[in-house]
Asker: 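This is the structure, below, for whatever I ask next.
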Number of protein chains: 2
Amino acid sequence: MPRLLVVEDEPAVRMGLRLSLSRAGHQVLEAATASEAWPLVEQADLVLLDWMLPDEPGVRLLERLRSDSRYETLPVLMLTARSGESDRVEGLTRGADDYLTKPFSTPELLARVQALLRRSGRSGRIERGALVLDLERHQAYLHNAPLDLTRREFDLLAFLARHPGRVYTREELLERVWGQEFMGTARTVDQHVAQLREKLQENSKNPLYLETLRGVGYRFRESA
Amino acid sequence: MPRLLVVEDEPAVRMGLRLSLSRAGHQVLEAATASEAWPLVEQADLVLLDWMLPDEPGVRLLERLRSDSRYETLPVLMLTARSGESDRVEGLTRGADDYLTKPFSTPELLARVQALLRRSGRSGRIERGALVLDLERHQAYLHNAPLDLTRREFDLLAFLARHPGRVYTREELLERVWGQEFMGTARTVDQHVAQLREKLQENSKNPLYLETLRGVGYRFRESA
DNA sequence: GTGGTGCTGTCAGGAAATTGTCAGCTTAGG
DNA sequence: CCTAAGCTGACAATTTCCTGACAGCACCAC
């Protein structure tokens, strides 16, 4: 399920967006300001960004995103109350992927969101070599054969596969995949990695996908 | 273990922060004033900075940090009792990375601290000539070829490479890389330096990266 | 120079830490 | 009540880490 980050200071507008988007099957993260938004960006598949924010202009945040290699390709949909052509041009030249002028209709919003997600390839499909993860269906495929993964297994694999090469400690994984409320041991992660490795038919000593970094954590192998 | 520097003059608030943060697995350094804080900054991975301090405004300290090349990228989380928008804007424009308005909840505090630490660790890429350290991937490269470093080796190298030219005694290195709880010999450092030198293919007599300062300690060679 | 002194480089074995794996317990859902 | 998933503790297999010993070198005094 794609995660959308709504950055909008007006509570009423934000709620409206949340309702429309979550009803359409998206997961919605919210921020009222640019500074609130920044830490959440990492988890987002698409950002809906208001032009005017209390702390800094939306375009400034947009610039920061574009200058960060991690977010270069993250789709950003600008929202604005103004309908002036100049803003539109400015937003797009600064790196916004699309543009929506308030007030806008819900179908139009959803259509553009869908289009952007599809375009960015984040619509819920991660492909890493012979491994394909369909996030919408919660279904993994290996060499085009469906894999029978449990929820945790799938979530863990999807999380790691989202950022190949990046190492995550067990604690980070517990927090991000299990959730902050999880109160168990870090070794739980190992167990699920082992389970995944078996289903992915890989050897822990010579892994195709899930690498162990002794003393650090796990990472999804970078193919290139 | 990340080290957080709490700069806050109210003893009660400071204690609260210390408890919350240390319980979350962070190491906490404390300062009641800006002048107390300054010498501790060097040891910190993140600074939690109160807006108002007895000797000088927090933003002034923030400015000093930002104008020092060593601390340009050090994450700073501003704390303030005021909820006024102007302060928020001022703090962020002057270089704070995030912002928290008192009173704040512990989960929110921890979440923001986590996010900042993650971010600062990720953006970290240290390049020193043919040697590249990718902190995000926990992977070192020499002439673009990946190096197989253990955790300690990588941590030690990363620490030294972070401040080229600066000498560290064995005791300092043990404290910063191994942690305060380490109770061993200082010679342990030598062993790891030797290990690193071998993997970096360098001669201890004519080192490219890791220099010995007899009677003092080690330092990463300044290329320029 | 020469010799002494202290510091550093190096080696190898044992200690310690980390991870893989297994089996069993608990829980949620049907 | 049954099944599957999730989690944990225990143990084994590795790997990493650390230490003590010794050799070698730099620096100093003479």
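Order of the sequence lines sets the chain letters (A, B, ...), proteins ahead of strands, with each chain counted from 1.
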Asker: Starting the side chain at C-beta, find the nucleotide from C/dT18, D/dT16, D/dA10 nearest to B/Thr150.
Answerer: D/dT16
Asker: Can you check whether A/Thr188 has a side-chain N or O nearer than 4.0 Å to OP1 or OP2 of D/dT8?
Answerer: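 Result: yes.
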Asker: Quick one about A/His138 and A/Asp155 (side-chain donor to acceptor, distance below 3.5 Å, no hydrogens or angles considered), yes or no?
Answerer: yes
Asker: Classify A/Arg151 by what it touches in the nucleic acid, base, sugar-phosphate, or nothing, heavy-atom distance under 4.0 Å.
Answerer: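 Counting heavy atoms under 4.0 Å across all strands, the contact made by A/Arg151 is with sugar-phosphate only.
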Asker: Decide side chain to side chain donor-acceptor pair (under 3.5 Å) for B/Gln195 and B/Arg152; before the verdict, give the C-alpha distance in whole Å, the side-chain angles of both, and the deciding distance to 0.1 Å.
Answerer: CA-CA 10 Å; B/Gln195 210 80 5; B/Arg152 283 268 193 268; over 6 Å; no
Asker: Touch check for A/Arg152, heavy atoms < 4.0 angstrom, all strands: base, sugar-phosphate only, or nothing?
Answerer: sugar-phosphate
Asker: Between A/Leu196 (CG) and C/dT21 (C1'), how many Å, whole number?
Answerer: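 In whole Å, C/dT21 C1' and A/Leu196 CG are 15 Å from each other.
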Asker: Using a strict threshold of under 4.0 Å (side-chain N to carboxylate O), is an ion pair present between A/Glu172 and A/Arg166?
Answerer: yes
Asker: Whole angstroms only, please: what is the CG-P distance between A/Leu149 and D/dG6?
Answerer: 10 Å
Asker: Looking only at side-chain N and O atoms, does A/Trp178 come under 4.0 Å of OP1 or OP2 in D/dC7?
Answerer: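 Yes.
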Asker: Would you tell me if any nitrogen or oxygen in the side chain of B/Thr212 comes within less than 4.0 Å of OP1 or OP2 on C/dT8?
Answerer: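 No, no such contact exists.
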Asker: Would you tell me if any nitrogen or oxygen in the side chain of B/Arg170 comes within less than 4.0 Å of OP1 or OP2 on C/dT8?
Answerer: yes
Asker: Classify A/Arg197 by what it touches in the nucleic acid, base, sugar-phosphate, or nothing, heavy-atom distance under 4.0 Å.
Answerer: sugar-phosphate
Asker: Over all strands shown, is A/Leu213 touching base, sugar-phosphate only, or nothing at heavy-atom distances under 4.0 angstrom?
Answerer: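 Sugar-phosphate contact only.
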Asker: Should the pair A/Arg14-A/Glu8 be classified as a salt bridge under the 4.0 Å nitrogen-to-oxygen rule?
Answerer: no
Asker: Please give, in whole Å, the distance from D/dA4 P to A/Lys199 NZ?
Answerer: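 After rounding, the reported distance stands at 12 Å.
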Asker: If the cut-off is 4.0 Å, is A/Tyr218 near the phosphate of C/dG20, judged by side-chain N/O to OP1 or OP2?
Answerer: yes
Asker: Do A/Arg214 and C/dT18 have a side chain to base donor-acceptor pair shorter than 3.5 Å?
Answerer: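 In this structure, the two groups form a donor-acceptor pair.
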Asker: With under 30° as parallel and over 60° as perpendicular, where do the rings of A/Trp178 and A/His192 fit, or are they tilted in between?
Answerer: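 The arrangement is perpendicular - the two ring planes meet at more than 60°.
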Asker: Looking only at N and O atoms, is any donor in the side chain of A/Gln191 or the base of C/dC22 less than 3.5 Å from an acceptor on the other one?
Answerer: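 When only heavy-atom distances are counted, A/Gln191 does reach the base of C/dC22 through a donor-acceptor pair under 3.5 Å.
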